[in-house]
**Q** 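So that we are looking at the same thing, I have put the structure below in structure tokens.
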Amino acid sequence: QVRAVVSGGGSVQAGASLRLSCTASGSGFENYVMAWFRQAPGKEREAVSCITRTSLDSYYADSVKGRFTISRDNAMDTMYLQMNDLRPEDTATYYCAAAQLVSIVNMMCAGRFDDWGQGTEVTVSS
């Protein structure tokens, strides 16, 4: 079941910026902890960033700290990922995911996240 539309990916040069959006359908967006995951070809899926229900707290993978910013607008049922200073190693398919119960492990949300919608591809060339 598609729960969201994910958009904003593309092909850019290193140093460029992109903003990903995840717009949910249905009600209850505000009840979920939201996260961005990514998976590069041949690599394991990794958590990029997560944000709590009221945006009180957000967490980032070390590899993106200082470059990526996660945010959400509960009135618009939308989550964003602003990605600045993109690097070739950021190349991956990015997924929007949601969870109702999470814990914080190694300064990142951990829990049973369900993907909402399709992924969006980000390609960064050097």
Side-chain angles (χ1 to χ4, degrees):
Q1 179 182 3
V2 175
R3 297 291 303 274
V5 174
V6 181
S7 62
S11 295
V12 297
Q13 296 283 327
S17 298
L18 286 172
R19 189 175 81 154
L20 306 183
S21 298
C22 170
T23 300
S25 59
S27 61
F29 176 79
E30 67 277 8
N31 296 325
Y32 292 87
V33 174
M34 299 298 297
W36 291 99
F37 288 80
R38 68 184 180 186
Q39 187 164 20
K43 294 189 177 181
E44 290 189 359
R45 180 176 163 116
E46 64 172 339
V48 175
S49 183
C50 65
I51 187 167
T52 54
R53 293 174 181 82
T54 60
S55 304
L56 184 63
D57 294 304
S58 57
Y59 302 90
Y60 298 90
D62 287 343
S63 58
V64 306
K65 279 180 184 175
R67 300 187 298 120
F68 290 11
T69 302
I70 192 171
S71 61
R72 65 189 294 169
D73 183 341
N74 287 345
M76 299 295 291
D77 293 342
T78 299
M79 173 180 66
Y80 304 97
L81 186 67
Q82 178 66 44
M83 304 187 296
N84 297 330
D85 189 23
L86 282 160
R87 303 168 181 172
E89 53 265 38
D90 296 317
T91 295
T93 300
Y94 286 70
Y95 298 91
C96 164
Q100 290 189 301
L101 292 174
V102 302
S103 56
I104 305 303
V105 178
N106 294 327
M107 295 305 292
M108 178 56 71
C109 300
R112 185 178 178 277
F113 279 92
D114 294 319
D115 284 351
W116 282 10
Q118 81 292 358
T120 187
E121 290 191 9
V122 173
T123 302
V124 185
S125 56
S126 57

**Q** Say you draw a straight line from CE of M79 to CG of D73; how long is it, rounded to the nearest 0.5 Å?
**A**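 Reported value, rounded in 0.5 Å steps: 12.5 Å.
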**Q** Using a 6.0 Å cut-off, check whether atom CD of E121 has over 12 heavy atoms from anything other than its own residue.
**A**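 Atom CD in E121 is not packed in, count stays at 12 or less.
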**Q** Can L20 be reached from M34 by stepping across I, L, V, M, F, W or Y side chains whose heavy atoms are under 4.5 Å apart?
**A**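 Yes, because M34 and L20 connect within a single hydrophobic cluster, where side-chain heavy atoms sit under 4.5 Å apart.
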**Q** Which pair of non-hydrogen atoms, one from A14 and one from S126, has the smallest distance, and what is that distance?
**A**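 Closest heavy-atom pair between A14 and S126: CB-CA, 4.3 Å.
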**Q** Quick check: are there more than 12 heavy atoms from other residues, nucleotides or ligands sitting under 6.0 Å from CG of N31?
**A**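 Above 12, so yes.
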**Q** Could I get the full list of ring-ring contact (aromatic ring centres under 6.0 Å, His included) partners for F113, not counting sequence neighbours?
**A**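 Applying ring-ring contact (aromatic ring centres under 6.0 Å, His included) to F113 gives F37.
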**Q** Could you pull out all residues at least two apart from R67 that satisfy salt bridge (Lys or Arg N to Asp or Glu O under 4.0 Å)?
**A**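 Here the qualifying residues are D90.
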**Q** Show the nearest heavy-atom pair for residues L18 and G8, with the distance to one decimal.
**A**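 Minimum heavy-atom contact is CD2-O, 3.7 Å.
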**Q** For R45, give me all partners under salt bridge (Lys or Arg N to Asp or Glu O under 4.0 Å), at least two apart in sequence or on another chain.
**A**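 Result, salt bridge (Lys or Arg N to Asp or Glu O under 4.0 Å) vs R45: D115.
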**Q** Are I104 and D57 close enough that some pair of their side-chain heavy atoms sits under 4.5 Å apart?
**A**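 No, their side chains stay 4.5 Å or more apart.
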**Q** Who passes salt bridge (Lys or Arg N to Asp or Glu O under 4.0 Å) against E46, sequence neighbours left out?
**A**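 Once residues adjacent in sequence are excluded, the partners of E46 under the salt bridge (Lys or Arg N to Asp or Glu O under 4.0 Å) criterion are R38.
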**Q** So, using ring-ring contact (aromatic ring centres under 6.0 Å, His included) as the criterion, who are the partners of Y32 when residues are at least two apart?
**A**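 Y32 satisfies ring-ring contact (aromatic ring centres under 6.0 Å, His included) with W116 only.
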**Q** Should V124 and Y60 be counted in the same cluster of Ile, Leu, Val, Met, Phe, Trp and Tyr side chains packed under 4.5 Å apart?
**A**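 Hydrophobic grouping puts V124 with Y60.
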**Q** If you measure from CZ on R19 to CE on M83, what distance do you get to the nearest 0.5 Å?
**A**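 Reported value, rounded in 0.5 Å steps: 11.5 Å.
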**Q** Identify whether W36 and V12 are in the same connected component of the hydrophobic contact network (ILVMFWY, side-chain heavy atoms under 4.5 Å).
**A**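 Looking at the clustering, V12 is in the same group as W36.
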**Q** How many angstroms lie between CG in D62 and CE in M108, if you round to the nearest 0.5 Å?
**A**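 Here the interatomic distance stands at 8.5 Å.
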**Q** With sequence neighbours left out, which residue pairs that include part of residues 6-38 fulfil the disulfide (SG to SG under 2.5 Å) condition?
**A**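 Applying disulfide (SG to SG under 2.5 Å) to every pair that reaches into residues 6-38, excluding sequence neighbours, yields C22-C96.
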**Q** Using every non-hydrogen atom in the two residues, find where S17 and N84 come nearest and quote the distance to one decimal.
**A**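 Scanning both residues, the minimum pair turns out to be OG-OD1, 2.9 Å.
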**Q** Test of understanding: with ring-ring contact (aromatic ring centres under 6.0 Å, His included), list the residues that count as partners of Y94, not counting sequence neighbours.
**A**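 Result, ring-ring contact (aromatic ring centres under 6.0 Å, His included) vs Y94: none returned.
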**Q** Count I, L, V, M, F, W, Y as connected when their side-chain heavy atoms are under 4.5 Å apart, and connections chain through other members. Are L81 and V102 then in the same cluster?
**A**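 No; tracing contacts between hydrophobic side chains, which count when under 4.5 Å, never links both residues.
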**Q** Do any N or O atoms from the side chain of Q118 and from the backbone of V6 form a donor-acceptor pair under 3.5 angstrom?
**A**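 Pair found, side chain donor or acceptor close to backbone of V6.
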**Q** May I have all residue pairs that pass disulfide (SG to SG under 2.5 Å) and include part of residues 26-89, sequence neighbours excluded?
**A**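 Sorted result for residues 26-89: C50-C109.
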**Q** How long is the straight-line distance from CE of M107 back to OH of Y59, given to the nearest 0.5 Å?
**A**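 Spacing of OH (Y59) from CE (M107) equals 5.5 Å.
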**Q** Check each of V48, T69, I70, D85 against V64 using the side chain to side chain contact (heavy atoms under 4.5 Å, CB included) test, and report the only one that passes.
**A**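 So the option named by the test is V48.
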**Q** Between the side chain of N74 and the main-chain N/O of R53, is any donor-acceptor distance below 3.5 Å?
**A**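 Pair found, side chain donor or acceptor close to backbone of R53.
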**Q** Between T78 and S21, what is the shortest heavy-atom contact and its length?
**A**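 Nearest pair, atom of T78 first, then S21: CG2-CB, 4.4 Å.
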**Q** Does F68 reach the side chain of L86, with side-chain heavy atoms less than 4.5 Å apart?
**A**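 Counting from C-beta outward, F68 and L86 do come under 4.5 Å.
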**Q** Using links of under 4.5 Å between side-chain heavy atoms of ILVMFWY residues, direct or through other members, which residues join L56 in one cluster?
**A**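 Result for L56 is none, singleton.
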**Q** How is the hydrophobic cluster of M76 composed, in terms of its other members, when Ile, Leu, Val, Met, Phe, Trp and Tyr link through side-chain heavy atoms under 4.5 Å apart, directly or indirectly?
**A**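 None; M76 is a cluster of one.
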**Q** According to side chain to side chain contact (heavy atoms under 4.5 Å, CB included), who are the partners of T123, at least two apart in sequence or on a separate chain?
**A**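 Side chain to side chain contact (heavy atoms under 4.5 Å, CB included) list for T123, sorted by chain: S11, T91.
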**Q** Holding to salt bridge (Lys or Arg N to Asp or Glu O under 4.0 Å), I want the full list of residues that pass it with D114, two or more places apart in sequence or in another chain.
**A**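 In terms of salt bridge (Lys or Arg N to Asp or Glu O under 4.0 Å), with neighbours along the sequence ignored, D114 is linked to R112.
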